[in-house]
Amino acid sequence: MSTSMIASFFVLLLAFPYAFATDFTVGDANGWTQGVDYTKWASGKTFKVGDNLVFKYGSFHQVNEVDESGYKSCSTSNTIKSYDDGDSKVPLTKAGKIYFICPTPGHCTSTGGMKLEVNVVAASTTPTPSGTPPPTKSPSTTPSTTPSTTPSAPSETNSTTPSPPKDNGAVGVSNGVSLLIGSFFVSAMILGLMG
């Protein structure tokens, strides 16, 4: 019995990186079709390496991954990859901008609007400390007797904390690491009880 538990553990361990990828259905409920503002759809979303774009579309449409020039001109002359199965899952494998259009004549243009630009970021976007904090300026002890007519510069002693990033439904990397460590602990306990 313990051999099957160990095998199950290793299967889970191999699947671990994929458990935290997010599948983004392009256009949400509308899918990949004419009349959808894909620039607006993509805004506010964080696309990471390891995530997937899922294009759902009818038989009159296709998906072509193109370069920036092809995106801007709605041209398929430099197509990188084509999809035509109606339900295409495109893995995001590297950081940077990627571009998609529908190659059907008239669908990519401003009236059809079937073009998508996605900015993919590295999988780990956890901010790292920058080292030592900047020096703080001590306040002046000499009071001013004349009012200032120029706006004052922001104080360097401002200690506001930056807002946390918007939640896009994806599980953070630190949560994933915690789950992995927890699964090791639970597996060790189970194996210890069984052996």
Are C74 and C108 within a span of less than 2.5 Å, counting SG to SG?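 Yes.
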ILVMFWY network linking V26 to Y99, side-chain heavy atoms under 4.5 angstrom: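 They do not share one cluster, since no chain of ILVMFWY contacts under 4.5 Å joins V26 to Y99.
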Of the non-hydrogen atoms in A21 and G50, which two are nearest, and what is the gap between them?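 Closest approach of A21 to G50, heavy atoms only: CB-O, 3.0 Å.
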Closest approach of H107 to C102 (non-hydrogen atoms, all atoms of both residues):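 Where H107 meets C102 most closely, the heavy atoms are ND1-SG, 3.5 Å.
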Is the shortest side-chain heavy-atom distance between [X] and [Y] below 4.5 Å?
| X | Y | value |
| --- | --- | --- |
| V120 | K94 | no |
| N52 | T22 | no |
| L92 | L53 | yes |
| N78 | V66 | no |
| T46 | V121 | yes |

Inter-residue atom distance [X].[atom1] - [Y].[atom2], 0.5 Å rounding:
| X | Y | atom1 | atom2 | answer |
| --- | --- | --- | --- | --- |
| T111 | Q34 | OG1 | CD | 7.0 Å |
| D67 | S75 | CG | OG | 8.0 Å |
| T76 | Q62 | OG1 | CD | 9.5 Å |
| M114 | T104 | CE | OG1 | 7.0 Å |
| I101 | L116 | CD1 | CG | 11.5 Å |

N64/T79 under side chain to side chain donor-acceptor pair (under 3.5 Å): CA gap, chis, key distance, verdict: CA-CA 6 Å; N64 279 14; T79 296; 3.3 Å; yes
Dump the intermediate steps for side-chain contact (heavy atoms from CB on, under 4.5 Å) on V63 and Y57, then the final yes or no. CA-CA 9 Å; V63 179; Y57 49 96; 3.6 Å; yes
Answer yes if the ring centres of F47 and F24 are under 6.0 angstrom apart, and no otherwise.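 Judged by ring-centre distance (under 6.0 Å), F47 and F24 do meet the cut-off.
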Quick check on ring-ring contact (aromatic ring centres under 6.0 Å, His included): which of W32, F55, Y71 does Y38 satisfy it with?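 Checked W32, F55, Y71 against Y38; only one passes ring-ring contact (aromatic ring centres under 6.0 Å, His included): W32.
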Donor-acceptor pair between D28 and T25 side chains, under 3.5 angstrom: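 Note: D28 and T25 side chains miss the donor-acceptor criterion.
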Would K115 count as a cation-pi partner of F100, with NZ or CZ less than 6.0 Å from the six-membered ring centre and within 45° of the ring normal?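 Ring-cation test returns no.
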Does K97 come within less than 4.0 Å of E68, counting only side-chain N to carboxylate O?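 No, K97 and E68 are not salt-bridged.
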Apply the test side-chain contact (heavy atoms from CB on, under 4.5 Å) to residues D87 and V54: give CA-CA distance (whole Å), side-chain angles for both, the deciding distance (0.1 Å), then the verdict. CA-CA 7 Å; D87 190 5; V54 179; 3.6 Å; yes
